[in-house]
Amino acid sequence: MQAVVQKVNLKLPYCDAKTSNDILVVFRPSMTNPPHLGDILDFDLLKLDCEQTVSNLTLSTSFPVTIQSNDVHDLRLPSGHGTSRLPSIERRTSSQK
């Protein structure tokens, strides 16, 4: 699933990317080849809690990353203390629903 980079903080380090169907993905970026604001990344949101290769479609590069399941947030679900905002499998495989 494609997502646009919205935040990059190399000091902490973390990166936020948002899909067109309002799923937010937070991950630790590559320090040797970090993404930039506005870059389009291609993730496999069914492959969580293990290493995967993310493609940076803007720069035609790729880098390994581990996306934790608690770092994938469905922005259409209400936030609440102690509740999971992990998107359903259907939401993680669909780009426009």
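Only a predicted model underlies this, so the values are computations on that prediction, with no experimental measurement involved. Index from 1, following the sequence.
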Determine whether a donor-acceptor pair (N or O, by modelled atom type, separation under 3.5 Å) exists between the side chain of [X] and the backbone of [Y].
X: Asp22; Y: Leu75; value: no
X: Ser30; Y: Pro34; value: no
X: Arg92; Y: Leu46; value: no
X: Gln6; Y: Asp16; value: no
X: Thr58; Y: Ile40; value: yes
X: Asn21; Y: Arg91; value: yes

I want to check something: taking the side chain as every heavy atom from C-beta on, are [X] and [Y] in contact at a cut-off of under 4.5 Å?
X: Val54; Y: Phe63; result: yes
X: Gln52; Y: Pro64; result: no
X: Leu10; Y: Pro29; result: yes
X: Leu24; Y: Val72; result: no
X: Lys18; Y: Ile23; result: no
X: Cys15; Y: Val26; result: no
X: Leu41; Y: Phe27; result: yes
X: Leu59; Y: His36; result: yes

Please name the pair of heavy atoms, one in [X] and one in [Y], separated by the smallest distance, quoted to 0.1 Å.
X: Thr19; Y: Leu45; result: CG2-CD1, 4.5 Å
X: Ala17; Y: Ala3; result: CB-CB, 3.7 Å
X: Asp49; Y: Gln68; result: OD1-OE1, 3.0 Å

- From CA spacing to verdict: side chain to side chain contact (heavy atoms under 4.5 Å, CB included), Val25, Ile67: CA-CA 8 Å; Val25 181; Ile67 300 171; 3.9 Å; yes

With clusters defined by side-chain heavy atoms of hydrophobic residues (ILVMFWY) lying less than 4.5 Å apart, directly or transitively, does [Y] cluster with [X]?
X: Val8; Y: Leu12; value: no
X: Tyr14; Y: Val65; value: no
X: Leu77; Y: Leu48; value: no

- Message: Can you tell me if Ile89 has over 12 outside heavy atoms packed within less than 6.0 Å of its CD1?
- Response: no

- Message: Just to verify, which of Thr53, Asp42, Asn33 counts as forming a side-chain contact (heavy atoms from CB on, under 4.5 Å) with Ser62?
- Response: Thr53

- Can Asp74 and Arg85 be counted as an ion pair, charged N to O under 4.0 angstrom? no

- Query: Distance from Lys47 atom NZ to Ser69 atom OG, nearest 0.5 Å?
  - Reply: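 Going from the NZ atom of Lys47 to the OG atom of Ser69 covers 15.0 Å.
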
